[in-house]
Protein chains: 2
Amino acid sequence: MRSTAFGAETILRSALEKSGQRYTEQRAAVFRYLRATDSHPTADEVFLNVRDDVPGISLATVYKSLETLVGCGLAAKLTYGDGSARYDGRTDDHHHVRCLACGSVSDLHSHVDAEEVHRLEASASNFRITGYRLELTGYCDTCDAHGLARTH
Amino acid sequence: MRSTAFGAETILRSALEKSGQRYTEQRAAVFRYLRATDSHPTADEVFLNVRDDVPGISLATVYKSLETLVGCGLAAKLTYGDGSARYDGRTDDHHHVRCLACGSVSDLHSHVDAEEVHRLEASASNFRITGYRLELTGYCDTCDAHGLARTH
DNA sequence: ATCCTTGCAAAGCATTTGCAGTCAC
DNA sequence: GTGACTGCAAATGCTTTGCAAGGAT
């Protein structure tokens, strides 16, 4: 547990240094929380949880910290049409499944075949492709069981 | 030209009737504009363009019309983190390429192999999958040439 | 005649920003 | 000591909503 937290601090410090930014308690707490969860929280959810570690932190600072982490490549921002953006502390190559009823997001531990991606990239003339994003949509078991699928 | 416009009207009328909604000049103009462009416009862009056809139309009505079309399955809403949502009048199965510098969106006329998609769906236990969405990101030739890639 | 839709203006909500005080380096 | 960061509150920008007048069936 301690080694994990320490590892996270080291990662954050070096990422921040590279861009002339400073290590702060607030950024560290946001980073720690993001890494410890797989719930893809919204900024507000991060705010509520991080308060336990840093009582006086403001929502604006959480937004700024999240943006900083995304800028450093230590987190990813997921945006869907509904409500607020969600943040992902996992930086390895993976995709997501999203529930159309409750909005929850889960990780998908399977990739698209690299050759398949290349084929798609080749079809995008006029663009220099730097990345891609794939998302499955459907209904999670909980919502499906409650018949919420029909109402959305 | 006339036959296309007439076809669009018929499509819209029947789609609206199915859900007890009414055919109006405003909805028709929004639908016509969306079908005629491949620029994936924002609500505001639709508003500015549709004004030529329906001078007194309001932005709120454009939003409502777009939502109605999406509800009928006659358009799709594309949301990214930056600024406003974009709308797509094409309802056939296709994907998009988005420029990270200027935000423009283009159609991608190539699909992921069906078997590949099935494999991914199978890895999403706890979900009943109903669809998927793929998006390539990168820089369009214009932004790339102007060196805008670096600043974003 | 019914009840859906429009246009307007106001409200709502997520996110960003300006700035004075504070902190990291 | 310098310049970056925080917290607060106000501002912003996109989108939605309430409502009276108008329009489609």
Side-chain angles (χ1 to χ4, degrees), chain A residues 9-10 12-31 33 40-48 50-51 53-72 74-87 103 105, chain B residues 9-10 12-31 40-48 50-51 53-72 74-87 103 105 152:
Chain A
E9 181 180 326
T10 308
L12 179 57
R13 281 200 122 88
S14 76
L16 289 170
E17 268 171 30
K18 273 177 198 159
S19 42
Q21 299 184 92
R22 291 171 184 176
Y23 177 92
T24 65
E25 193 191 351
Q26 290 84 345
R27 285 171 176 175
V30 168
F31 186 48
Y33 177 68
H40 309 83
T42 60
D44 202 65
E45 284 163 0
V46 173
F47 173 58
L48 294 174
V50 158
R51 269 172 133 167
D53 278 314
V54 188
I57 196 169
S58 74
L59 180 56
T61 297
V62 169
Y63 271 106
K64 287 169 189 164
S65 299
L66 287 168
E67 205 46 54
T68 300
L69 293 178
V70 171
C72 291
L74 297 179
K77 186 178 184 178
L78 311 174
T79 54
Y80 307 107
D82 59 329
S84 8
R86 290 169 173 277
Y87 294 86
V105 175
Chain B
E9 183 181 324
T10 307
L12 180 55
R13 273 194 190 286
S14 76
L16 289 170
E17 268 171 30
K18 273 178 197 158
S19 42
Q21 299 184 92
R22 290 170 185 177
Y23 177 92
T24 65
E25 192 192 354
Q26 289 86 345
R27 285 170 177 174
V30 168
F31 185 49
H40 307 84
T42 61
D44 203 64
E45 284 162 0
V46 173
F47 172 58
L48 294 174
V50 158
R51 271 173 131 165
D53 277 312
V54 189
I57 196 168
S58 74
L59 180 56
T61 297
V62 169
Y63 271 106
K64 288 169 189 165
S65 299
L66 288 168
E67 204 47 53
T68 299
L69 293 178
V70 171
C72 292
L74 296 179
K77 186 179 184 179
L78 311 174
T79 53
Y80 308 107
D82 59 327
S84 10
R86 290 169 173 275
Y87 293 85
V105 174
H152 294 265

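Chain letters run A, B, ... following the sequence lines, proteins first and then strands; every chain starts at 1.
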Calculate the interatomic distance between [X] atom [atom1] and [N] atom [atom2]; express it in whole Å.
| X | N | atom1 | atom2 | value |
| --- | --- | --- | --- | --- |
| Leu78(A) | dA14(C) | CG | P | 17 Å |
| Leu12(B) | dT5(C) | CG | P | 11 Å |
| Leu16(B) | dT5(C) | CG | P | 8 Å |
| Leu59(A) | dT12(D) | CG | P | 19 Å |
| Arg51(A) | dG7(D) | CZ | P | 11 Å |
| Asp82(B) | dG13(D) | CG | C1' | 13 Å |
| Glu45(A) | dA14(C) | CD | P | 11 Å |
| Glu17(A) | dC5(D) | CD | P | 13 Å |

Is there a donor-acceptor pair closer than 3.5 Å between any side-chain N or O of Arg27(A) and the backbone N or O of Arg22(A)?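 Confirmed, Arg27(A) side chain pairs with Arg22(A) backbone.
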Which nucleotide in [options] has an atom nearest any side-chain atom of [X]:
| X | options | answer |
| --- | --- | --- |
| Ser84(A) | dT15(D), dT15(C), dT6(D) | dT15(C) |
| Ala60(B) | dA9(D), dC8(C), dG18(C) | dC8(C) |
| Ala85(B) | dG7(D), dG7(C), dT15(D) | dT15(D) |

Locate the shortest heavy-atom distance separating Leu59(B) from Ala43(B); write the atom from each residue and the value. CD1-O, 4.1 Å
Mind listing the closest non-hydrogen atom pair of Phe31(B) and Leu12(B) along with its distance?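 So the two residues come closest at CD2-CB, 3.8 Å.
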Ignoring backbone atoms, establish whether [X] has a side-chain N or O less than 4.0 Å from OP1 or OP2 of [N].
| X | N | result |
| --- | --- | --- |
| Gln26(A) | dG7(D) | yes |
| Tyr63(A) | dT16(C) | no |
| Arg27(A) | dA4(D) | no |
| Ser58(B) | dC8(C) | no |

Name the nucleic acid region contacted by Thr24(A), choosing base, sugar-phosphate or nothing; use a 4.0 angstrom heavy-atom cut-off, strictly under. sugar-phosphate
Base, sugar-phosphate, or nothing for Glu67(A), non-hydrogen atoms under 4.0 angstrom?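 The answer is nothing, as Glu67(A) stays clear of every strand by at least 4.0 Å.
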Between dC23(C) and Arg22(A), counting only base atoms on the nucleotide and side-chain atoms on the residue, is there a donor-acceptor pair under 3.5 Å?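 There is none.
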Short N-O contact, Glu9(B) and Arg13(B), less than 4.0 angstrom: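 Salt bridge present between Glu9(B) and Arg13(B).
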DNA chain D: 5'-proximal contact among Tyr23(B) and Arg86(B) (nearest heavy atom):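 Between the two, 5'-proximity favours Arg86(B).
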Can you list the steps and then say if Val30(A) with Val54(A) is a side chain to side chain contact (heavy atoms under 4.5 Å, CB included)? CA-CA 10 Å; Val30(A) 168; Val54(A) 188; over 6 Å; no
